[in-house]
Structure formats: structure tokens, C-alpha cells
Amino acid sequence: LGAFMMRGAGCTINDIWDRDFDRQVERTRHRPLASGALNVKQALAFLSAQLSVSLGVLVQLPPAAIATGLVSTPLWALYPLAKRFTDWPQAVLGIAINW
């Protein structure tokens, strides 16, 4: 459940960061944020729900796993920005997922 929710949170944050670009791309212009079906406030509320469930799973794990999960947070949250600054964004994503 935790991995499923965190993967979803990664997709949500990606859609939030990329909403302006997604409007300009045929393949992505119909995504909820890009199309205007949802606004950023709604997306952040959904992200909060995903992260709350994920945190509920995380706190049931041993302390070392909790620390690892918390330390990896910037990696998955910043992955969408890596696409703008490097030719290797999938490496950032891989590190975030396989941390």
C-alpha cells in the first residue's frame, strides 16, 4: 500500500510541477490539471491525502525504515524538476525509487 500511494504521490507532484508544459503537449494536454478539470488547490489536497496514507504505513515500520523513507522525500518530489536541468531525469527517479 505504501509503495502504491507513494508512486501515486510522485505522479501527482509531477502533474503539479508540469501542468504548464502539459498544456502545450498533445499527449498530456488532457490531464486533469493541464485541462483545467482540477486546480492546483485540489491537486494539493489529493497529494496530502496520498501522503497521509503513506505516512500511516511508514510509521508502522522500524525506525531505520522511517528515516530512509523521510530522507528519500526530496528525491521523488524534485524528480519532475530534474527533467528541466539534466538529460538523466530517470536516474534521479531510479535513485528515489531504489533508495
Side-chain angles (χ1 to χ4, degrees):
L1 178 62
F4 176 77
M5 295 305 292
M6 286 306 296
R7 185 195 178 284
C11 291
T12 301
I13 196 75
N14 181 65
D15 284 356
I16 291 170
W17 283 115
D18 286 351
R19 67 189 180 279
D20 294 330
F21 294 108
D22 288 346
R23 285 185 189 110
Q24 302 171 31
V25 177
E26 179 66 30
R27 181 180 63 84
T28 58
R29 68 183 176 138
H30 297 293
R31 289 181 178 175
L33 283 169
S35 70
L38 295 176
N39 62 40
V40 174
K41 185 176 179 180
Q42 292 168 313
L44 290 172
F46 183 62
L47 177 63
S48 295
Q50 291 172 306
L51 294 176
S52 294
V53 172
S54 298
L55 182 61
V57 172
L58 184 64
V59 298
Q60 296 178 52
L61 300 174
I66 293 170
T68 301
L70 294 175
V71 169
S72 70
T73 297
L75 294 172
W76 67 261
L78 295 176
Y79 156 69
L81 296 179
K83 295 185 284 186
R84 298 184 180 116
F85 301 108
T86 180
D87 291 331
W88 298 91
Q90 295 304 320
V92 175
L93 183 61
I95 291 168
I97 292 172
N98 294 302
W99 172 260

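Side-chain atoms of Arg19 do not come within 3.5 Å of backbone N or O of Ala34 as any donor-acceptor pair.
Phe46 and Leu55 fall into different hydrophobic clusters, defined by Ile, Leu, Val, Met, Phe, Trp and Tyr side-chain heavy atoms under 4.5 Å apart, directly or through other members. At a threshold of 4.5 Å between side-chain heavy atoms, the hydrophobic network of Ile, Leu, Val, Met, Phe, Trp and Tyr places Leu58 and Ile13 in two separate groups. Linking Ile, Leu, Val, Met, Phe, Trp and Tyr residues whenever their side-chain heavy atoms come within less than 4.5 Å leaves Leu38 and Phe21 in two separate clusters.
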Only distances under 3.5 Å count here; give the side-chain donor-acceptor pairs of residues 84-94 to other protein atoms, sequence neighbours excluded, each with its distance to 0.1 Å.
residue, atom, partner, partner atom, Å
Arg84, NH2, Trp17, O, 2.9
Arg84, NH2, Asp18, OD1, 2.8
Thr86, OG1, Trp88, N, 3.1
Gln90, NE2, Tyr79, OH, 3.1

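Taking CE of Met6 as the reference point, atom CG of Leu51 lies at 6.0 Å (rounded to 0.5 Å). Taking OG1 of Thr28 as the start and CG of Asp15 as the end, the distance is 8.5 Å to the nearest 0.5 Å. To the nearest 0.5 Å, the span separating CG on Leu1 from CD on Gln60 amounts to 9.0 Å. Atom CZ of Arg29 and atom CG of Asp22 lie 12.0 Å apart (nearest 0.5 Å).
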Test side-chain contact (heavy atoms from CB on, under 4.5 Å) applied to Thr12 and Leu44, step by step: CA-CA 8 Å; Thr12 301; Leu44 290 172; over 6 Å; no

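Pairing each heavy atom of Arg23 with each of Leu33, the nearest pair is NH2-O, 3.7 Å. Between Ser35 and Pro32, the closest heavy-atom pair is OG-O, 3.3 Å.
For Thr73, there are no side-chain hydrogen bond (donor to acceptor under 3.5 Å, both in side chains) partners two or more places apart in sequence or in a different chain.
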